[in-house]
Amino acid sequence: MTNGQQRQESNAGTCESRHAISTEEWEHRKPKIVTIKKQQQQQDATKQLKQIQKLDQQTHRQHQQQHHQHFLTYSIVALLIYSSYEKELRELLNHAKLLPKDNFDPMMLLAKLSKNECITEAKKIYQDRILAMCSHMPKKHLGLTILHHFTLLPKDDLHYIDSEYRAKFQEKNPKPLPHQYHLLNSLDDA
């Protein structure tokens, strides 16, 4: 018989192995373990609640800002429909007491501005829309990549986007923190 087999036989049926503890020791440590586990669960629940509240606030702010990003003014909606549905749509709008504006030119809203101011406003609207599009992408890293591409273009390019929009995107969509696991080496450390 080898020494290893002799040790196994001598430890068989006892709690003297390295990883086992006696029933009395387990009953003594069990309340500590339960308390630590409850504290961790409470901390996790509090952290999750704070994250949900933060997301709710961000979503509310985004919904408030979306109206300004997509339309030049209030109460204006542009519809692009197939021509065969026009008559039916007009009837539905009239029934709902909504009057369509034929030949509406959104540029008339900018008519009071100088040419340079119009160009600046058009660039701002374009950049806001690109930011909104990238912000609504399910995979945020793709939105960041798109914004990064447009910030690298020459400033005289029509599709150039100021780097402040990339910073706004990163502020709204910070990198997720890796989940941290806390392992207990021994119960006496806790």
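Values reported hereafter were calculated over all heavy atoms of this structure, with side chains retained and with hydrogens, waters and symmetry mates removed. Residues: numbered from 1 along the sequence shown.
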Trainee: Give a yes or no on whether L142 and L152 share a hydrophobic cluster (residues Ile, Leu, Val, Met, Phe, Trp, Tyr; joining criterion: side-chain heavy atoms under 4.5 Å apart).
Mentor: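 No; tracing contacts between hydrophobic side chains, which count when under 4.5 Å, never links both residues.
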Trainee: Indicate the atoms forming the closest heavy-atom contact of C134 with G143, along with that distance.
Mentor: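 Closest approach of C134 to G143, heavy atoms only: SG-O, 3.6 Å.
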Trainee: Look at the aromatic rings of H159 and F150 and report parallel, tilted or perpendicular, splitting at 30° and 60°.
Mentor: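 The arrangement is tilted - the two ring planes meet at 30° to 60°.
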Trainee: Is a side-chain donor or acceptor of K140 paired with a backbone partner of M137 at a separation under 3.5 angstrom?
Mentor: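 Between the backbone of M137 and the side chain of K140 there is a qualifying donor-acceptor contact (under 3.5 Å).
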Trainee: Applying side-chain hydrogen bond (donor to acceptor under 3.5 Å, both in side chains), name anything that partners H149, two or more places apart in sequence or on another chain.
Mentor: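 Counting only residues at least two positions away or on another chain, H149 forms no side-chain hydrogen bond (donor to acceptor under 3.5 Å, both in side chains).
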Trainee: Taking distance alone, no hydrogens or angles, what donor-acceptor pairs closer than 3.5 Å link side-chain atoms of residues 160-171 to residues at least two apart or in another chain?
Mentor:
residue, atom, partner, partner atom, Å
Y165, OH, D128, OD1, 3.1
R166, NH1, H148, ND1, 2.7
R166, NH1, T151, OG1, 3.4

Trainee: Apply the test side chain to side chain contact (heavy atoms under 4.5 Å, CB included) to residues K87 and E91: give CA-CA distance (whole Å), side-chain angles for both, the deciding distance (0.1 Å), then the verdict.
Mentor: CA-CA 6 Å; K87 183 179 178 185; E91 289 172 3; 3.5 Å; yes
Trainee: Does E88 have more than 12 heavy atoms from other residues, nucleotides or ligands lying within 6.0 Å of its CD?
Mentor: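 No.
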Trainee: In Å and rounded to the nearest 0.5 Å, what is the CD1 to CD distance from I36 to Q41?
Mentor: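 Spacing of CD1 (I36) from CD (Q41) equals 12.5 Å.
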Trainee: L147 vs I130, test: side chain to side chain contact (heavy atoms under 4.5 Å, CB included). Steps then yes/no.
Mentor: CA-CA 8 Å; L147 286 170; I130 293 293; 3.8 Å; yes
Trainee: About how many Å separate CG of L98 and CZ of R90, when rounded to the nearest 0.5 Å?
Mentor: 12.5 Å
Trainee: Nearest 0.5 Å, what's the CD1-CG distance between I119 and L158?
Mentor: 10.0 Å
Trainee: Short question: side chain of H28, backbone of E24 - any donor-acceptor pair under 3.5 Å?
Mentor: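 Absent.
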Trainee: I want to check something: taking the side chain as every heavy atom from C-beta on, are P100 and L89 in contact at a cut-off of under 4.5 Å?
Mentor: no
Trainee: Rounded to the nearest 0.5 Å, what's the gap from CD1 on I21 to CD on E27? Could you check?
Mentor: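 Spacing of CD1 (I21) from CD (E27) equals 9.5 Å.
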Trainee: Q39: what forms a side-chain hydrogen bond (donor to acceptor under 3.5 Å, both in side chains) with it, not counting sequence neighbours?
Mentor: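 Partners of Q39 by the side-chain hydrogen bond (donor to acceptor under 3.5 Å, both in side chains) criterion come out as none, since no residue qualifies.
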